[in-house]
Amino acid sequence: MPSVSEIMESMEYGPSVEDSSAVRDWLAATPARGHFIDGALTEPGTLFDSRDPATGDLLAQVTQGTADDIAAAVAAARAAQPGWQGLGGHGRARFLYAIARTIQKRERFLSVLETLDNGKPIRESRDIDIPLAVRHFYHHAGWAEIMAEEFPGQQALGVAGQIIPWNFPLLMLSWKIAPAIAAGNTVVLKPAEYTSLTALAFAEICQQVGLPRGVVNIVTGDGETGAALVKAEVDKIAFTGSTEVGHAIRQATAGTGKRLTLELGGKSPFVVMEDADLDAAVEGVVDSIWFNQGQVCCAGSRLLVAEAVAPRFEHLLQRRLATLRVGPPLDKSTDIGAIVHPVQRDRILSLLEQGIAAGAELIGARPAEGCFVNPGYLRAVSPANPLWSAEIFGPVATLTTFRTADEAVALANNSRYGLAAQIWSESATVATDLAAQIRSGVVWINGANMFDAAAPFGGMRESGFGREGGRAGLSEYLAPPPVETRPDPGPKAEAAPVAGEAARIDRTIKLYIGGAQKRPDGGTSYRAASDDLVPLGNRKDIRNAVEAAQKAWKWTAMGGPARAQVLYFLAENLSQRQGDLSRRHGADQVEAAIARLFHYAAWADKFDGWNVQTRPGHLVNVVPEAFGVMGIVCPNDAPLMGFVSLIAPAIAMGNRVVAVPSQDDPVAAFDLAQVMDSSDVPGGVVNVVSGPRRDVALTLAQHDDVAAMWFCGETGRDAVEAASAGNLKPVWALPNRDWSAPTAQGRGFLDRAVQWKTIWLPYGALPAGSAGPAY
């Protein structure tokens with residue numbers, strides 16, 4: 001045993017193991033566990049093992065859920081939902097508060113159980129996961145209390161199916177269940193196969209506080225159980241997990257009408273600028289990729305370091321790497337715990353071999369005895385290396401250098417993901433400029449892996465869509481006030497090629513692409529219901545229109561006030577042609593179109609984000625960000641007003657659109673395009689491609705450079721949603737309605753035209769460690 005003087009010399013920590021006897025007694029009392037359905041724990045069924053990844057010891061046996069189990073849980077949730085919603089916001093708030101207090105009272109027990117089941121260090125379970133779980137229930141108790149005032153007219157969706165991963169078991173449960181039940185929904189939750197035990201402990205808490213039967217139901221099992229939940233008669237699916245499974249869920253839910261939230265994988269950039277505080281940035285790496293053994297979807301796993309400071313940064317990083325302690329997760333001195341399962345450990349090591357074979361140099365990260373992987377990073381990783389894009393999901397980062405800020409942004413955005421980003425710079429100007437340019441749902445400036453129940457979290461691109469946390473997350477569990485819908489009439493005009501008519505001067509209408517009239521690629525037209533010859537667009541025309549929209553990026557950058565002026569000017573010029581257009585499309589429709597443009601011109605510079613209250617010393621701004629290029633399939637029976645009502649909110653928020661107008665009568669859209677030519681609308685902001693509605697819409701849905709789609713009507717919606725799974729673009733399927741009515745405009749359309757970006761910016765003299773995950 002070392003002497004005191006030796007300990008003072010080395011400054012090494014001795015063992016400080018958390019007592020786990022209470023948890024082991026709880027596990028031993030019920031070695032085989034069933035589901036939690038309709039307020040009661042069921043008898044165990046077919047069992048599988050839940051093991052301590054650090055030791056391999058058996059903790060408990062858990063029941064493999066079946067389709068019948070899922071059906072029973074959904075039925076219980078469905079029966080309980082009207083009464084739960086009818087309890088009112090205050091009644092629900094009391095239960096959420098009770099859950100928060102009870103978790104708080106059992107923090108030590110739950111922390112130890114989480115560490116035994118998952119393998120993460122007890123410090124992380126105790127100081128981060130459980131306190132954040134408590135925070136989510138407190139925060140959403142508040143939302144339940146004030147929901148009637150803050151979300152007037154909105155109602156719960158019904159029954160939510162929720163599937164959570166194994167990296168933050170109780171925290172993921174909390175930030176899914178809390179908003180769902182606060183909004184008046186009931187839930188069926190499937191925890192991860194490897195880490196079900198804290199979910200079953202939470203079931204006991206639900207019983208303890210007297211939560212009404214059926215409000216929360218928990219069915220354990222593997223991926224087959226999750227697939228059964230996706231297919232079940234639920235109103236929403238909320239999934240956190242791999243991008244590959246996210247693709248499958250999007251396919252499975254296409255055309256069902258289920259609301260969908262996907263929080264998927266990531267390969268997040270960790271940008272270190274030349275002026276960064278390098279010591280702080282190195283601690284950021286510890287809090288980012290070496291936190292929770294790197295098993296974090298938003299971990300800063302791509303270190304992008306300014307070339308001028310890279311040698312110094314690596315020196316500090318390697319020195320810090322040498323001090324990290326890998327060992328028993330229950331030891332409070334452990335920094336790096338166990339990988340959740342041997343299968344995951346083997347996957348990490350296999351990926352490292354691929355990266356090294358492709359030319360990367362591995363620093364640290366050697367396998368350890370048991371289910372452990374030592375922390376490290378890979379140097380000299382180019383975009384051609386498979387580990388540039390592959391999510392390792394372990395305690396290993398990649399490191400690449402850059403020379404300029406523009407190159408840093410280009411490298412950061414060179415990914416199919418867009419979940420999170422971290423920027424290190426002593427200049428607020430530099431940091432916020434990069435934050436605006438990097439495509440990710442969350443940006444942390446001079447900090448890493450900071451979370452709060454009030455701060456929306458979620459991704460862009462193949463990191464998924466939808467948000468969890470705060471106002472934006474709660475709205476994902478609410479249905480907007482109902483609108484009076486009307487049937488979606490199928491096209492009457494067949495979009496079949498017809499020959500031109502040589503007997504008269506050729507007035508054949510052309511496509512509108514890039515601010516100019518363009519002949520369709522196929523050189524053919526079809527006859528609209530108005531008897532006009534209109535262009536027959538095809539896949540090549542869609543490609544050209546998307547390219548034109550991409551080039552019009554300055555429209556997004558010009559800001560809301562400038563876009564408002566253009567929309568006002570467009571309305572002015574439309575009024576100048578009111579007489580002529582009224583004869584063609586109806587005076588009431590033209591007047592309504594002018595009013596609709598004024599409405600969204602007014603909104604263009606007033607649709608604000610907000611600053612949310614989280615931890616002290618941080619400005620946390622939630623800002624609306626345009627998707628970029630959107631595809632919009634307009635209603636068939638409202639040629640002018642349907643087109644204006646969908647195009648205007650999208651471009652007011654800074655998007656550029658490729659629009660498919662009414663198949664029967666696209667002439668109104670092309671007439672409006674002529675007005676745009678004289679109204680300062682930049683070329684490429686609005687592109688109009690007419691033709692066979694279903695075929696053109698499918699081409700848009702499949703295009704990787706189309707970031708989001710709106711589709712009006714029911715005919716063809718299923719195929720569009722299924723096709724959108726290719727790059728996981730969000731699809732808003734709008735029911736048809738009276739497009740001249742007030743219900744065809746407003747904030748709901750603007751909400752769907754943006755994705756929310758959460759930017760964390762610390763300020764003032766922060767206490768040590770306050771920029772990391774733990775408060």
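Remember, predicted model here, so these are calculated numbers, not experimental data. Just so you know, these numbers use all the heavy atoms, side chains as well, and skip hydrogens, waters and symmetry mates.
- Counting only heavy atoms from C-beta outward, the side chains of His140 and Pro179 approach each other to under 4.5 Å.
- Annotation: cation-pi pair Lys729/Phe465 absent, no NZ/CZ under 6.0 Å from the ring centroid and within 45° of its normal.
- Pairs passing the side-chain hydrogen bond (donor to acceptor under 3.5 Å, both in side chains) check and including a residue from residues 178-198, sequence neighbours excluded, read Glu114-Thr198.
- The two atoms that bring Pro375 and Val326 nearest to each other are CD-CG2, 3.6 Å, heavy atoms only.
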Arg416 and Asn727: side chain to side chain contact (heavy atoms under 4.5 Å, CB included), yes or no, with the steps? CA-CA 9 Å; Arg416 64 190 177 115; Asn727 72 344; over 6 Å; no
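- Annotation: side-chain hydrogen bond (donor to acceptor under 3.5 Å, both in side chains) contacts involving residues 43-55, sequence neighbours excluded, comprise Asp49-Arg51, Asp49-Gln61, Ser50-Asp117, Asp52-Thr55, Thr55-Asp57.
- Taking CE of Met709 as the start and CD of Glu721 as the end, the distance is 10.0 Å to the nearest 0.5 Å.
- Counting all heavy atoms, side chain and backbone alike, Ala192 lies closest to Pro165 at CB-C, 3.5 Å.
- Looking only at side-chain heavy atoms (C-beta outward), Phe457 and Thr758 stay at 4.5 Å or farther from each other.
- No side-chain heavy atom of Leu264 sits less than 4.5 Å from a side-chain heavy atom of Glu462.
- Atom CG of Leu96 sits about 10.0 Å away from atom CD1 of Ile177, to the nearest 0.5 Å.
- For Phe711 against Arg717, the heavy-atom pair with the smallest separation is CE2-N, 3.6 Å.
- Not one N or O on the side chain of Asp129 forms a donor-acceptor pair closer than 3.5 Å with the backbone of Ser111.
- The OG1 atom of Thr253 sits 10.5 Å away from the CG atom of Asp718 when rounded to the nearest 0.5 Å.
- Checking side-chain atoms of Gln207 against main-chain N and O of Gly39 turns up a donor-acceptor pair under 3.5 Å.
- Salt bridge absent: Lys258 and Asp235 never bring a charged side-chain N and a carboxylate O closer than 4.0 Å.
- Using a 4.0 Å cut-off between charged side-chain N and carboxylate O, Glu107 and Arg126 make no salt bridge.
- Atom OG1 of Thr63 sits about 8.0 Å away from atom CG of Asp69, to the nearest 0.5 Å.
- Side-chain N or O atoms of Ser463 include one that pairs as donor or acceptor with a backbone N or O of Leu419 at under 3.5 Å.
- Formation of a donor-acceptor pair under 3.5 Å by the Arg33 side chain with backbone atoms of Val62 is not found in this model.
- Side-chain contact, Trp26 with Glu204: a donor N or O sits under 3.5 Å from an acceptor N or O.
- Side chains of Phe137 and Ile103 form a contact here, defined as non-hydrogen atoms less than 4.5 Å apart.
- If you check the side chains of Thr115 and Ser125, you find a donor sitting under 3.5 Å from an acceptor.
- Scored by the ring-ring contact (aromatic ring centres under 6.0 Å, His included) test, Phe393 finds Trp166 as partners (sequence neighbours excluded).
- In this structure, Thr243 contributes its side chain and Gly265 its backbone to a donor-acceptor pair below 3.5 Å.
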Starting from the C-alpha separation in whole Å, work towards a yes-or-no answer on side chain to side chain contact (heavy atoms under 4.5 Å, CB included) for Trp290 and Ile336. CA-CA 7 Å; Trp290 296 329; Ile336 309 290; 3.9 Å; yes
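- Gly364 and Leu362 get closest at one heavy-atom pair: O-CG, 3.3 Å.
- With Arg467 contributing its side chain and Thr261 its backbone, the two residues share no donor-acceptor pair below 3.5 Å.
- With hydrogens and angles ignored, the 3.5 Å screen pairs no side-chain donor or acceptor of Gln295 with any backbone N or O of Gly394.
- No cation-pi contact links Arg92 to Phe95, judged by a cut-off of 6.0 Å to the six-membered ring centre and 45° from its axis.
- Taking the side chain as every heavy atom from C-beta outward, Trp388 and Arg302 approach each other to under 4.5 Å.
- A ring-centre distance under 6.0 Å is found for Phe451 and Trp444.
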For Cys298 and Asn449, run side chain to side chain contact (heavy atoms under 4.5 Å, CB included): C-alpha distance rounded to whole Å, both residues' side-chain angles, the deciding distance at 0.1 Å, then the answer. CA-CA 7 Å; Cys298 55; Asn449 281 341; 3.4 Å; yes
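- Looking at Val216 and Leu189, their side chains never come closer than 4.5 Å, going by heavy atoms from C-beta outward.
- Under the 4.5 Å side-chain criterion, counting only non-hydrogen atoms from C-beta, Arg123 is in contact with Asp335.
- Gln354 CD: more than 12 foreign heavy atoms inside a 6.0 Å radius.
- Under a 3.5 Å cut-off, the side chain of Thr334 and the backbone N or O of Gly337 do not form any donor-acceptor pair.
- A donor-acceptor pair is defined here as one N or O able to donate and one able to accept, closer than 3.5 Å; such a pair exists between the side chain of Ser242 and the backbone of Val245.
- Side-chain atoms of His35 and Leu41, non-hydrogen and from C-beta on, never get closer than 4.5 Å to each other.
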Trace of the side chain to side chain contact (heavy atoms under 4.5 Å, CB included) decision for Thr240 with Glu468: CA-CA 10 Å; Thr240 297; Glu468 294 183 298; 3.8 Å; yes
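- If you check the side chains of Ser301 and Glu391, you find no donor sitting under 3.5 Å from an acceptor.
- No hydrogens or angles considered: a donor-acceptor pair under 3.5 Å links the side chains of Ser288 and Gln422.
- In this structure, the side chain of Arg250 does not engage the main chain of Gly726 through any donor-acceptor pair within 3.5 Å.
- Across every non-hydrogen atom of Ala156 and Ala183, the tightest pair is CB-O, 3.3 Å.
- The distance from atom CG of Leu27 to atom CG of Leu113, rounded to the nearest 0.5 Å, is 6.0 Å.
- Going from atom CD1 of Ile163 over to atom CE of Met172 covers 14.0 Å, rounded to the nearest 0.5 Å.
- Residue Leu260 comes nearest to Ile249 through the heavy atom pair CD1-CG2, 3.7 Å, listed as atom of the first residue, atom of the second, then distance.
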